[in-house]
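Every heavy atom of this structure was used, including side-chain atoms; hydrogens, water molecules and symmetry mates were not.
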Amino acid sequence: MNLRKFVFGFVPAAVLASSLVFWACGDSDGSLAAGEDPSSSSSVVQSSSAKVSSSSEVVVSSSAKKPAESSSSSSENAAPSSSSVQISAESSDSGVCTNCDSYTAADPILVENGGKGSVTTYGSITAKETSLGGACNYGQTNIQYYAAIHVNVSPGDDKGPWDGGAACGGCVHVKAKTPDGWKEVTVRITDRCPDANCGVDLGGAPASDIMGIQVGRYYGEWEFVSCEGVEGVWGDSTSIWVKEGASEYWSIIQVRNPKDMVKKIKIHGVETDDIYMLEMVVGTENFWTVPVDVLKTDLRYRVVVTYRTGTDDEWIIKGSELTVPEANLYLYEHRKQ
């Protein structure tokens with residue numbers, strides 16, 4: 001697994017409260033004041049603070065899920081927690097902390113190529129189920145290491161990295177403070193987490209790796225990385241998938257199991273000089289619209305997908321192949337000869 005390192009801040013030194021009600025980021029949607037530095041020596045948790053049980057995949061829905069208890073098999077069976085909360089950083093370098101599962105809810109903070117704030121889970125830490133595709137619309141996958149990323153920085157501002165689904169398929173290296181020090185995992189983004197205090201919401205396998213049996217809201221930091229060479233984030237070979245309902249009059253496509261998040265898709269004619277820059281679909285996240293002129297022909301096209309890292313994948317595809325509903329056009333079968 002390719003791991004990258006961060007420079008980390010301090011966790012709050014002493015956070016006291018009683019009768020806390022905690023909620024998971026989940027697939028949808030106190031606390032430190034927005035933008036408050038988590039390294040401050042102390043803060044008081046408001047009664048509305050959320051202790052999130054995170055899930056590696058935030059489900060596509062907009063409803064927040066309750067936190068999973070360490071003994072439960074799903075977030076739906078979880079009960080809110082009520083207890084005093086204290087967080088103390090014993091070493092800012094080692095990542096060792098106490099009551100690490102009770103990090104105070106706060107708005108995530110954006111940093112270059114990543115962020116810091118809450119790391120949570122809403123799924124089972126024992127079942128370690130595979131991703132169902134989430135808001136990225138991937139459908140059933142074999143991916144065990146997946147997560148949701150926050151939509152907002154402050155509530156409703158849409159300034160988070162989700163960006164209407166543009167984050168889909170990207171990988172994030174996450175590290176969080178635990179009683180044993182920093183623990184790290186790399187996950188693929190398959191979902192969105194619109195909870196105002198969500199940062200990264202983990203699923204079963206990665207949540208267990210970081211939280212063990214003590215689920216909750218942890219302080220963490222994350223960075224976007226390439227998915228290439230990372231175990232656990234691949235569900236199948238890279239492919240272009242055509243959405244159901246496609247025809248010669250309408251078709252939208254997505255890239256499944258990409259090397260990284262997709263930045264642009266361009267179609268070049270092989271027998272012609274035609275060039276088309278595809279646009280992301282508004283409202284149907286993680287899909288791109290294919291021009292009708294391409295759909296109405298059996299001519300061949302070069303479909304060039306450019307990733308966040310600047311690397312490309314290239315398919316040779318007939319225009320008519322993009323009209324077949326649920327066609328899965330694997331890269332290894334359509335490479336340029």
Which atoms form the tightest heavy-atom contact between Asp201 and Cys193, and what is the distance?
-> CB-SG, 4.2 Å
Is it true that a side-chain atom of Glu314 and a backbone atom of Arg302 form a donor plus acceptor pair closer than 3.5 Å?
-> no
Determine whether Leu278 and Thr289 make a side-chain contact, defined as any pair of heavy atoms from C-beta on separated by less than 4.5 Å.
-> no
Same cluster for Val294 and Val242 if Ile/Leu/Val/Met/Phe/Trp/Tyr side chains link at under 4.5 Å?
-> yes
Inter-residue atom distance Trp241.CH2 - Asn328.CG, 0.5 Å rounding = 8.5 Å
Apply side-chain contact (heavy atoms from CB on, under 4.5 Å) to Val305 and Trp315, showing your working.
-> CA-CA 8 Å; Val305 174; Trp315 285 252; 3.5 Å; yes
Test log, rule side-chain contact (heavy atoms from CB on, under 4.5 Å), inputs Asn137 and Gln254 = CA-CA 9 Å; Asn137 298 296; Gln254 67 176 196; 4.1 Å; yes
Heavy-atom nearest pair, Ala166 first then Met261, reads O-CB, 3.5 Å
Please test Asp158 against Val151 for side-chain contact (heavy atoms from CB on, under 4.5 Å), starting from the C-alpha separation and ending with a verdict.
-> CA-CA 6 Å; Asp158 289 328; Val151 174; 3.5 Å; yes
Write down the atom of Gly235, the atom of Ile143, and the distance for their closest heavy-atom approach.
-> N-CG1, 3.5 Å
Distance-only polar pair, side chains of Thr238 and Asn257, donor-acceptor under 3.5 Å | no
Counting distance only, does the side-chain N/O of Glu184 pair as donor-acceptor with the main-chain N or O of His173 below 3.5 Å?
-> no
May I ask whether Tyr330 and Val303 are part of the same hydrophobic cluster, defined by side-chain heavy atoms of I, L, V, M, F, W, Y residues being less than 4.5 angstrom apart, directly or through others?
-> no
Does a donor on one side chain sit under 3.5 Å from an acceptor on the other, for Asn197 and Ser118?
-> no
Looking only at atom types and distance, does a side-chain atom of Thr141 sit under 3.5 Å from a main-chain N or O of Ser131, one as donor and one as acceptor?
-> yes
Short question: side chain of Asn142, backbone of Asp236 - any donor-acceptor pair under 3.5 Å?
-> no
In this structure, are over 12 heavy atoms from other groups packed under 6.0 Å from Lys296 atom NZ?
-> yes
Side-chain heavy-atom pair Ile253, Leu329 within 4.5 angstrom cut-off | no
Single-linkage hydrophobic cluster Phe287~Val304, side-chain heavy atoms < 4.5 angstrom | no
Pairwise side-chain contact, Pro161 with His150, heavy-atom cut-off 4.5 Å (strictly under) | yes
Report yes if the side chains of Asp312 and Lys266 come closer than 4.5 Å at any heavy-atom pair, otherwise no.
-> no
More than 12 non-hydrogen atoms from neighbouring residues, nucleotides or ligands closer than 6.0 Å to NZ on Lys318, yes or no?
-> no
Is it true that atom CD of Glu248 has more than 12 heavy atoms of other residues, nucleotides or ligands lying nearer than 6.0 Å?
-> yes
For Gly160, does its backbone N or O pair with a side-chain atom of Asn152 as donor and acceptor, under 3.5 Å?
-> no
Residues Gly199 and Trp222: closest non-hydrogen pair is CA-CH2, 3.6 Å
Ignoring hydrogens and angles, tell me if any N or O in the side chain of Arg188 forms a donor-acceptor pair with the backbone of Gly169 under 3.5 Å.
-> yes
Is there a path from Tyr138 to Ile240 through hydrophobic residues (I, L, V, M, F, W, Y) whose side chains come within less than 4.5 Å of each other?
-> no
Closest contact, heavy atoms only, Arg308 versus Ser226 = NH2-N, 3.6 Å
Side-chain touch Lys183/Asp209, heavy atoms, less than 4.5 angstrom = no
From the list Thr311, Asp313, Thr309, side-chain hydrogen bond (donor to acceptor under 3.5 Å, both in side chains) with Lys259 holds only for Asp313
If Ile, Leu, Val, Met, Phe, Trp and Tyr residues are connected whenever their side-chain heavy atoms lie under 4.5 Å apart, and connections chain through other members, are Trp288 and Leu322 in the same group?
-> yes
Step by step, work out the side-chain contact (heavy atoms from CB on, under 4.5 Å) result for Glu285 and Trp162.
-> CA-CA 10 Å; Glu285 294 159 322; Trp162 173 254; 3.0 Å; yes
Answer yes or no: is there a side-chain heavy-atom contact under 4.5 Å between Val225 and Thr186?
-> yes
Between Trp182 and Tyr219, how do the two ring planes meet: parallel, tilted or perpendicular, split at 30° and 60°?
-> tilted
Nearest heavy atoms of Tyr307 and Pro258, plus distance in Å | CE2-CB, 3.4 Å
Is the backbone of Ser320 close enough, under 3.5 Å, to the side chain of Thr323 for a donor and an acceptor to pair up by distance?
-> yes
Backbone N or O of Cys136 within a donor-acceptor pair of the Asn286 side chain at under 3.5 Å?
-> yes
Checking Ser247 side chain against Tyr249 main chain: does a donor-acceptor pair fall under 3.5 Å?
-> yes
